Amino acid sequence: MQTTQAVPTELLRRFDVAGPRYTSYPTADRFVEAFDAETYGSWLAKRSLGGMSKPLSLYVHLPFCGSICYYCACNKVITRDRGRAAKYVRYLEREIDMCSELLAGGLDVVQMHWGGGTPTFLSHAELARLMAALRCRFNLEERSECSIEIDPRTLQMGTLELLRELGFNRISLGVQDFDPEVQRAVHRIQSEQQTLEAIAEARGLGFRSINVDLIYGLPRQHVIGFNRTLDKVIDSRPDRVALYNYAHLPAVFKPQRRINEADLPSAETRVQLVSLAIRRLTGAGYAYIGMDHFALPSDQLAVAQRQGRLQRNFQGYSAGPDCDLLGLGISAIGQMGPTYSQNVKTLEEYYDRLERSMLPVLRGVELTADDVVRRAVIQCLMCRFEVPIESIEIAHLIEFRKYFAMELQDLEPFENAGMMTLDDKWLSVTALGRFFIRNICMVFDRYLRAGRERARYSKAV
Ligand code: SF4
C-alpha cells in the first residue's frame, strides 16, 4: 500500500535545478539541421531493415489556441479565427500521406497522442476529418492508447462524446491551479466547475484514463491556495496527475514576459509547494511514477511500472511497447530507429515545404554508440529506478565502471544523501531518490557535462 512520502525540504532546496525531462536523449536542443528531410525520408524507408519493425506511435501537433496563457512554453498559434484550423488539417493530411507512403514496415499503431496548442480548438467536423485521414493510412485498434489534450474552456456540447466515438480513450486536462488570483496572474481563467464537469463527463463516457496537469511555481501561488487546489483535484480522483515545475525563462518564451516577476513565489515557497503536493498525492494513494508523474495504483502506468515494462518517449511515460514515433504537424518530434527529428516550427514553413512535396523536417540527430548506451541508462533510471549493470555491459560492449568512471564519482553526493546505492550488479535508486530522478539522470548526460566543463573553462580564463 502506498504511504505518504515526506521529502526533506533541505534536499528539495539543494536539488531544485532546472533540467531536461528526458523525453529523448539526446534532448531536442542537441538536434542539428544537417539532419534534413532527405535523411529523415531514408530512415522512414529503412524502418523495417532486417525484416523487423517496431510498432508505431503517432503524435499530432495541433497548435491553435484562442487565448494566451502567460506561462506557456509550447509551440502554439494564438488566434480567434477558427477558420485557420481547416487549412492546417488539409496540410496535415498531405504530411500523413507522404509519411505513410515512405514508411516501411507494419502500420499498426499502438499509441497515439494529439497535443498542442489546444486540439479542441478544431471544430467537430475537423476533428473527425483528421481522425479519418489517420485511420485511412494506419491501423488503429480498439486497444491502442489514444489520448488527447483537452482545454475544458473550449469544450462544446458533445465534444467529449465525439472524441470517445472517434476512438480516444484517454484525456489530459490542464488545470495548473484553481486559485483565481493565480489564474488572473497567468491569464488563464478556468472555473473549477468547467474542469470538474469535464472530468465527470469523461468518466461517464468511459475514458480509460484521465490526467490532470498542475504547475507549481506560478505567480501569486501560495501554500494555502495550492492546498485547496490539491483538495479538489484529489476529490475528483483523476487516474494520473502531472506536477510540473514552472521555469521562468522570459528571454526564451515571450509570453512569460507578461508575468510580473515580483509575483513569483520565493525559492522557499516553491519548495513548500512541491513538498506539499508530494505529501498530499502520495497520502491520497497515488504512486510516484517518476519525472513529475503520479498515478493511481490501478492505472496502466502504475501497473506497467510494477511489472518493469514502463517506457518513456516524447509523449511522456507509456505502458505500451517500445515504438517508433511518427511526429506530425508543426514542431512535432519523431523517433525513428536510432534517430530523432523535429518538424519546422511555423505554419508558413510547414505549408511551404508540403507545397513543394518535401517532408517538413527542420532538424534531427542520428544517435552515436555513446548516445545509445547513455539513453539506455537514462531510460532504466526513469522507468525502473534501477540500472542492471551486467545487461548494459553485454548489450553495449562496455565495462560499466570504467566507461562511467566520472559519472560514478559525481553520483557520490546522491549516494551519501541516501538517494541511491551501487553494487557490482545494480545501480538502484531509493524511494527518496525517486523524487530526484531528473538530477540523477543529468549525471549521465554527456552534453550537459560538456556544457558544464566549457562554462568552467571560460570562467577559469
Ligand atoms: S498553455 Fe496550452 S492553452 Fe495555454 S497558450 Fe499554451 S498551449 Fe495554449
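In this text, all values refer to a predicted model and were calculated from it rather than measured experimentally. All residue numbers refer to positions in the sequence shown, counting from 1. Counting starts at 1 for both ligands and their atoms, following the listed order.
- Within the 4.0 Å heavy-atom shell around ligand 1 one finds Arg188.
- Checked against ring pair (Phe, Tyr, Trp, His ring centres under 6.0 Å), Phe121 has the following partners two or more places apart in sequence or in another chain: Phe64.
- No more than 12 heavy atoms of other residues, nucleotides or ligands shown are found within 6.0 angstrom of CD on Glu142.
- Shown here are the protein N/O/S atoms lying under 2.8 Å from atom 6 (Fe) of ligand 1, water excluded: Cys72 SG.
- With sequence neighbours excluded, the residues satisfying side-chain contact (heavy atoms from CB on, under 4.5 Å) with Arg446 are Tyr25, Asp370, Asp371, Arg374.
- Between Phe35 and Tyr340, the ring center distance fails the sub-6.0 Å criterion.
- Within the structure, every pair that satisfies the ring pair (Phe, Tyr, Trp, His ring centres under 6.0 Å) test and touches residues 129-183, not counting sequence neighbours, is listed here: Trp114-Phe168.
- Taking the ring centroids of Phe435 and Tyr288, they lie under the 6.0 Å cut-off.
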